[in-house]
Chemist: 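One structure is given below, represented as structure tokens, and several questions about it will come after.
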Amino acid sequence: MNFHPLVIPFLAGTVFLLIMISLKYIKWIRLLDANQSATIKKNILTFKTVQAINEIFHESLLHRKIYKRNRLLGYMHMSLAFGWFLMIVVGKIESSFYYGTFLDKPWLGIFFKYFARTPHHYFMIIPFSFIMDLLLLVTLSGVMLAILKRIRSTFLGIKKTTNHILLDRIALTSLWWIFPLRLLAESSTAELTGNGSFLTGTVGHLLSTLPVHQLELPLWWAYSICIGIFFIALPFSRYMHIPTEIVLIFLRKWGAQAGEVQSGFTDIQLNTCSRCGLCIDACQMNFAADINHIQPVYFIRDTRYHHLSKEVADNCLLCGRCVEACPVGLELTVIRQQVRHKSEIQGNNYFEYNGAIENTKKADIVYFAGCMSQLTPTIIISMKKIFEEAGVSYWFMDEEKGLCCGRPLRQQGYLQQSKDLVSKNTQLIHSSGAKMLVTSCPICYQSFKNEYSLDIPVMHHSDYIGLLMKENKLNLEQSDIEMVYHDPCELGRGSGVYDQPRHVLQSIGNLTAVDFEKEKSLCCGGSLSNMVIDSDSRQKIRDNTLEVLTKSRPDVLVTACPLCKKTFAQNNTTKIMDIAEIVAANLKNKIKASKSIN
Amino acid sequence: MSGKNIIIIGGGPAGLEAAYHLALHDYSVTLIEKETETGGHIRKDLKLFPDFTDASEVRKELSDKMMHPNIDLKTGICVTELFQEGLKWVVKCDNGSSFISDAVLLATGFETFDATRKEELGYGIYDNVITSVEFEGKLKEGKILTSSGRVPQRIAFLNCVGSRDEKVGNLYCSRVCCINGVKLAISFKEMVPDAEAYCFYIDMRMTGQHYEELYRTSQEKYGVTYIRGRISEAAATFDNRIQLKSEDTLACLPLKMAVDMLVLMVGMEASKSTRILSAQNGIPGEYGFAAGSGINFRDNLTIKAGLFLAGTCKRPLSFQETIADAGAAAVQMMDYLKDEK
Amino acid sequence: MKEWGYKISTPRVIDLDKADTARYAKLVEEVPSVKKCIMCGACSATCTASNHTDFSFRQCHLLFRRGQVVNLSVELDKCMLCGKCKIVCPQGVNTRAIISTMRIILSDMNNRNTPL
């Protein structure tokens, strides 16, 4: 026989699933914005498609990124994903060989052992049987680990796991039951028909004490129903990530990027989140300040189900540690800014700032200190000294009546007003005649790099100092001073500047590495982007970060951001210096700087 | 002779005054002071508010009291350890000596706030930004000059530096900076009558006797200008004056001005000895000060029997309040020692 | 007399019997740290926008509290959200959240045509 009503739940689930996915994908692809569509179409017929398939294999199936983080966790994901994938594929091939045709009914591969009750000899009958049992065993081991993770997640390297909603729990439970039920069903059939292999045969013998004749059919029904429930729940649950991740990888390889406002591409990313919870452990608001409801897993879930509260959207440091941790590479910080979008409160353009002063004399460099640097004047004084020593002519753009770079407005979603500031500043910069823009604040640096379209290159001062040293315009004195360097979130993860400041510091003294650095560096907690967090929690984050940074008891903690410097200085233990400060204090051929200028 | 002996840690006004009272009542007192001279912070003062008493006269009166035969004065020694042994108290010092007594008075005083922590005010960066302590020092020398040697024609005083400030962890008010600022402004105007003095305040806390009258005099007779607002940033001008950025909150307008000198009224913080010794004995209070065991009636006592507190090691106090507090502590100690057998 | 853009010169008085303090109540709910403000003016002293205009965050916040919201949303738009005010505030008030919330409350009120 080739059909039995027991396959109906499975069929119904599959059909429902395919319809739901198609409808959603069509909707989202239509909602892609024009730029994204154009970029994608250009790249479809290129080598990038092959790269995408490669990435799908390595990440969606083998879960390489998770494996690198923790081997057991990686194995768990791989065994479930790759194991089940292979079971379907190999099962289909096996049934094709059994029935002699590739185009047979789809359920025959899923319920193979039930229908193939009298195994005639077919191509590779024994290896197939063995492989299927092996795959089932591997997948079951994954299920065991998944259960273990729910009970004691630290065994798999995770401190805090996701708090799942009811729908996810139902989907999860049905998914887990699929494989034990398959084992029991196949084993009962194996006991009756002898078509099992090492696993199913053995379990079948163990079942022989029970009334297997009566149990066989209910077990297959249960197996089918479980699949059905899982497939029906899938498009509404976390498991939507299974198909959507594939779509995302293709689109991403074809050049799609999240933009300023939400689009279809945002929806695709929202549905790719598997709620694995790795972002929770990465989030400092979790482990330093015990705030556990705002991590990306929850914020994305809330957005997807349309009940995102303003508090959750606003309560994020935008430090980017979650982006580093996310195994599917979602653009979490960009999406967080998208949902803050405030189009209805645009206000008019009141930046009729007639005070902004234009440049009058010729200068090579435009120096933009940034709003925060006004509160850390040693940075400005040090930069002036450095410019002087290197003989560089510069125009200090925001010495008196500076304007904000516009990024704080943008991070809160006031896009129109941010653009107004951007255009004003761009006009000032371009009309200055300078050939390069140097800024002291990483927030401004990111803004100039990504949100302005300037004709001239932009550098952060830590990078620029390195350039001056390479051009031999600056020489530094070496000493035995013990330093550690703190990677500011906006300069490090935000802009990828990690090594240049370190090169500079190594010419000054001994630089010790810290536990969490570069991509994994900790946020100072001073972030402008979080409008909700209270000062106690910020202090906890700051103190936690300071503890890690000053573990080696350095002489100086060097940072490259005025906001970080001001935040750390509130807890007055180790000496904090900006990189410009320590460079200016160690210039060769100048009197070793006392802090006063004369 | 009562046969009981007392150790007083700290030779500032509180310690000296308490020592004297105890000595008069026949207790033998060992007073340990870490500097080479007694007097504490009033050594740096010229005049005390509110009535402009000469600080050196007050100092002399206090140090003369130390001539009493019952007082054994030990200067230049720092106490490193303090602990209780049974009913006695043991004090160990950095020169290796140690002392035992029946009761100890902690009078380790305060330190001023380190103004480099408020980087935006330019202390430690620009020469013409100084603290109130340094300004008083200049008054004592008899000449106030800017870093380029000129007599300042315009000075600004900024109140609440390091106090009432969550960002440096000191939420409390240091009590005396308001009146001290008024006093310094008046002293400056007496020295340079044609110059301008500006006081930037949040509130004018004129709590003690004659304080409010002094405030009134400063405006009426000396023309000191008071501006309600904070100075947010200080920058140097090309000729080394200090450019201030502020808001006049009463006029609701941004305010800026260039001054020859900016004086920061720095607050009081717990001294290092206070922090260390109170931590050693389970009496650390808020902000590192030492905690008494009841603000109404037991302010000079602690949870440890025989350990007493006097003066600014508990909280910011004015000179007059410190002297009164020292007397109270002395009486409490005498009560304790009388009961002790 | 500060020009805030209204044409009829009606005398302005803070009448706390008649003032509508519902907006301030909403602000307190959203940003509880606003209650700690002592109006010291450190925020408006350091404000970036005050270099160019006479925008005073402290004044806006105070008038909002007293129910004086005529043309206030126009003033609030001058804020660039740069964050210096929050860093210098000695009481730990979340100044930027106050501006953002005031903008939202005022625009809500405008959209629903609540008489001022």
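Quick note on labels: first sequence line is chain A, next is B, and so on, each numbered from 1.
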Chemist: Identify, with sequence neighbours excluded, every residue that meets side chain to side chain donor-acceptor pair (under 3.5 Å) alongside B/Ser218.
Modeler: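 Only B/Tyr226 meet the side chain to side chain donor-acceptor pair (under 3.5 Å) criterion with B/Ser218.
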Chemist: Test side chain to side chain contact (heavy atoms under 4.5 Å, CB included) on C/Arg58 and B/Thr249; report intermediate values, then the result.
Modeler: CA-CA 8 Å; C/Arg58 188 199 44 81; B/Thr249 61; 3.3 Å; yes
Chemist: Within the supplied structure, the quantity of interest is the number of heavy atoms (other residues, nucleotides, ligands) at a distance under 6.0 Å from B/Glu286 CD; does it exceed 12?
Modeler: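 Check fails, neighbour count at 12 or below.
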Chemist: Look at atom NZ of C/Lys36 and say whether more than 12 heavy atoms of other residues, nucleotides or ligands are closer to it than 6.0 Å.
Modeler: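 Above 12, so yes.
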Chemist: Which pair of non-hydrogen atoms, one from C/Ser56 and one from B/Cys252, has the smallest distance, and what is that distance?
Modeler: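 Between these two residues, the closest heavy atoms are CB-O, 4.5 Å.
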Chemist: Between B/Glu120 and C/Lys84, does at least one N-O distance fall below 4.0 Å, as a salt bridge requires?
Modeler: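 Result for this pair is no, no salt bridge flagged.
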Chemist: What are the two closest non-hydrogen atoms of B/Lys245 and C/Ser50, and how far apart are they?
Modeler: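 So the minimum-distance heavy-atom pair works out to NZ-OG, 3.5 Å.
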Chemist: Is it the case that the side chain of B/Lys167 and the backbone of C/Cys89 share a donor-acceptor pair, with hydrogens and angles ignored and the cut-off at 3.5 Å?
Modeler: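 Yes, the answer is positive, given that a donor and an acceptor are paired below the 3.5 Å cut-off.
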Chemist: If you check every heavy atom in residues 37-46 of chain C against those of chain B, which residues fall under 4.5 Å?
Modeler: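 The list, in residue order, reads C/Ile38, C/Met39, C/Cys40, C/Gly41, C/Ala42, C/Ser44, C/Ala45, C/Thr46.
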